[in-house]
Structure formats: structure tokens, C-alpha cells
Amino acid sequence: MTQQLQPLDLYLAAPRGFCAGVDRAIKIVEMALDKWGAPVYVRHEIVHNKYVVDDLRAKGAVFVEELEECPDDRPVIFSAHGVPKSVPQAAQAREMIYVDATCPLVSKVHIEAARHAENGLQMVMIGHAGHPETVGTMGQLPEGEVLLVETPEDVATVQVRDPQRLAFVTQTTLSVDDTADIVAALKERFPAIIGPHKEDICYATTNRQEAVKAIAPKIDALLVVGAPNSSNSRRLVEVGRKAGCGYAQLVQRAEDIDWRALEGARSIGITAGASAPEILIEEVTQAFRDRFTVTEQVVETAQENVEFKVPRVLRMPA
């Protein structure tokens with residue numbers, strides 16, 4: 001007699017997984033390998049996902065931390081998170097071929113920061129210290145021109161040059177709700193501060209967070225497929241907890257699922273950070289199908305049809 005598997009409701013958040021900026025960055029590495037052959041060097045993980053990085057490494061990409069580790073005669077690609085201005089300048093000085101895979105939405109923040117600086121404003125950046133995107137954005141301007149705040153508490157102690165001449169930008173992968181608290185604190189302390197015309201937080205980050213909020217009331221537990229160093233994936237876990245999920249866990253692969261923690265759960269939500277490929281989401285859902293009689297439901301809160309062009313150098317023949 002076959003053993004009857006327990007029933008389980010799986011709610012799949014949509015949108016989830018890859019965003020247009022990640023898609024473009026991966027495509028840039030693949031097209032560079034096609035055009036110039038291996039090895040192609042990549043400064044920093046192209047996107048924060050081990051599976052993606054390992055796959056590109058197998059195809060001939062060499063990942064390094066700094067430009068100094070790259071030879072002059074091979075192409076180098078800058079990651080989707082963006083780089084300080086000094087990096088392309090150093091590549092130019094060495095006459096290297098380089099391709100910038102910075103997400104266009106991050107580039108938009110860089111342009112914004114530069115424009116404010118030209119108008120004589122000092123910048124405040126809402127972001128996480130040490131995150132490649134924050135390092136890249138702060139590195140667009142000279143030392144001391146961009147001040148970092150991570151929490152509403154930081155706003156109280158930040159030392160500015162002139163409270164009347166300030167603007168702020170944000171890291172694109174933050175939680176909308178957390179950022180709102182920091183923005184409110186900035187506006188309260190510095191009423192003259194200028195903000196972005198439109199929220200810096202990227203559409204994909206916002207959409208994935210909204211989808212989690214939509215499934216949260218229906219589920220006992222939430223699994224977010226993503227990497228521990230992925231800011232937007234970690235924010236999804238936090239958003240799930242704040243929206244009332246009693247249990248929310250970040251998993252890189254199906255093997256990371258803590259089955260004991262999920263005992264007794266009748267409904268589980270699954271989403272994925274913007275740098276997690278669909279193949280890993282499928283692997284996780286399959287792990288549930290192997291253990292339960294699964295009823296799947298997709299909860300869609302937005303449709304995404306954004307596409308970013310790859311740089312012209314890759315569209316031209318070698």
C-alpha cells in the first residue's frame with residue numbers, strides 16, 4: 001500500500017526571481033565570452049548568486065575582487081552593482097577593454113548624485129555599509145561628499161556641511177518600508193533636503209516585496225530563494241516577517257530547507273530574490289512535491305516587461 005502524503009498548499013509569489021538588470025548583466029558576460037573567448041575577467045560577483053557565478057565560471061569567466069588582479073590584455077566586466085568612478089578610470093589608463101554591466105537603475109542613482117554635486121549639494125546615501133552598490137555610488141563623488149546612513153538613528157548623528165544644501169539617494173535594493181522611516185527622519189532634521197523625483201528603490205525590489213505582502217496572510221511559513229549576500233533577498237525575508245509570517249527562511253538551494261522548522265505547516269509561500277534563477281525556484285518547489293501532495297497557486301501582484309539593452313560594444317562584431 002502506498003503511503004498517503006500530507007496535503008500542502010504552496011503559494012508562489014509573482015513577480016519573483018530574475019529582474020531585467022540581472023538578466024542583462026549575465027547576458028553581458030555570456031556575450032563577452034562569445035565575442036572575445038575565454039577568459040573574460042569580472043570584477044566582483046556579477047550578481048549575488050553562487051549558482052549563476054559557478055555557471056559563468058564554468059564557461060570561462062574569471063571572478064576577481066579588484067582590477068589589479070586582471071591582466072591588461074583581457075576584457076574585464078564590472079558587476080551589476082556598479083563601481084566607484086576610479087575603477088573605469090584605472091581601466092582606461094591601462095588601455096583595457098572593459099564593459100560596464102552596472103544595472104541602469106543603479107546608473108540612474110549615480111547620475112543623480114553627480115548632478116546634485118554639480119549644484120553644490122552634499123549627498124546623504126541611505127544604504128548598507130560595505131555593500132558593493134553603496135561603495136559604487138559613494139565612489140562617484142570625492143571623499144566626504146556622500147554621507148552614509150543605515151538607520152533612522154544614524155540621521156540624528158550625521159554631520160553635514162550645510163543643512164540648507166543637501167540631497168539624498170538610496171541603495172536600490174532596500175525595503176521600501178524601512179527606507180520610508182529613514183527618509184522621514186532626514187526630512188524632519190533637514191527640512192530643505194532634496195529627494196529623488198521618483199523613488200530610487202528599483203521597480204523589481206518593490207514588486208517582489210509587494211508580492212510577499214500579498215501571500216503573507218495566506219501562509220504559515222515563507223521561503224526566499226537567494227544568496228546570503230544578496231541585499232534584496234534578505235529584505236524579502238524581513239518583509240515576510242513584518243507582514244506576519246511566523247517563519248521566514250533564506251535558502252540558496254533545496255538542500256538548505258530546514259524541514260523540521262516546517263513541521264505542521266499547511267501552507268507555504270515561495271519567492272526568490274532578483275538574482276536567483278528560476279531553475280533554483282523549481283528545485284525548491286520539486287522538493288515539496290517529493291514530500292507532500294502539493295496544491296500550487298501563483299499570486300501575481302504585478303507584471304514586469306522591462307528590458308535593458310546590452311552595451312553597444314557587445315552588439316558590434318569582434
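This chain uses plain numbering: 1 for the first residue, then up along the sequence.
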Closer than 4.0 angstrom, basic N to acidic O: yes or no for [X] and [Y]?
X    : Y    : result
K50  : E45  : no
E304 : R208 : yes
E210 : K213 : yes
D23  : K27  : no
R115 : E118 : no
R16  : E278 : yes
R43  : E65  : no

Using a 4.5 Å cut-off on heavy atoms from C-beta on, say whether the side chain of [Y] contacts that of [X].
X    : Y    : result
L8   : T293 : no
D220 : R266 : yes
D72  : E95  : no

Where the side chain of [X] meets the backbone of [Y], is there a donor-acceptor pair that is under 3.5 Å apart?
X    : Y    : answer
D256 : Q252 : yes
D162 : Q164 : yes
R241 : Y247 : no

query = Taking the six-membered ring for Trp, is the centroid-to-centroid distance between H81 and H44 below 6.0 Å?
reply =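 No - the distance between ring centres of H81 and H44 does not fall below the 6.0 Å cut-off.
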message = Using 0.5 Å steps for rounding, measure from the CG atom of L223 to the CG atom of L262.
response =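 Interatomic distance, L223 CG to L262 CG, rounded to 0.5 Å: 5.5 Å.
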Euclidean distance, S275 OG relative to I26 CD1, rounded to 0.5 Å =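 If I round to the nearest 0.5 Å, the distance is 8.0 Å.
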task = Using the side chain to side chain donor-acceptor pair (under 3.5 Å) rule, take E296 and T285 through it: C-alpha gap first, then chi angles, then the decisive distance, then the call.
result = CA-CA 9 Å; E296 268 181 47; T285 50; 5.0 Å; no
inquiry  = Please determine whether residues L56 and F18 belong to a single hydrophobic cluster, defined as Ile, Leu, Val, Met, Phe, Trp and Tyr linked transitively by side-chain heavy-atom distances below 4.5 Å.
reply    =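 Per the 4.5 Å side-chain linkage, L56 and F18 are co-clustered.
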query = So R235 and S231, side chain to side chain donor-acceptor pair (under 3.5 Å) or not? Walk me through it.
reply = CA-CA 6 Å; R235 297 300 79 75; S231 171; 3.1 Å; yes
ask   = What is the ring orientation for W259 with F292, classed by angle as parallel under 30°, tilted 30 to 60°, or perpendicular over 60°?
value =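 W259 and F292: tilted rings.
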key: Identified salt bridge (Lys or Arg N to Asp or Glu O under 4.0 Å) counterpart of K242 within the set D181, D178, D177   =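 Exactly one option meets the salt bridge (Lys or Arg N to Asp or Glu O under 4.0 Å) with K242, and it is D178.
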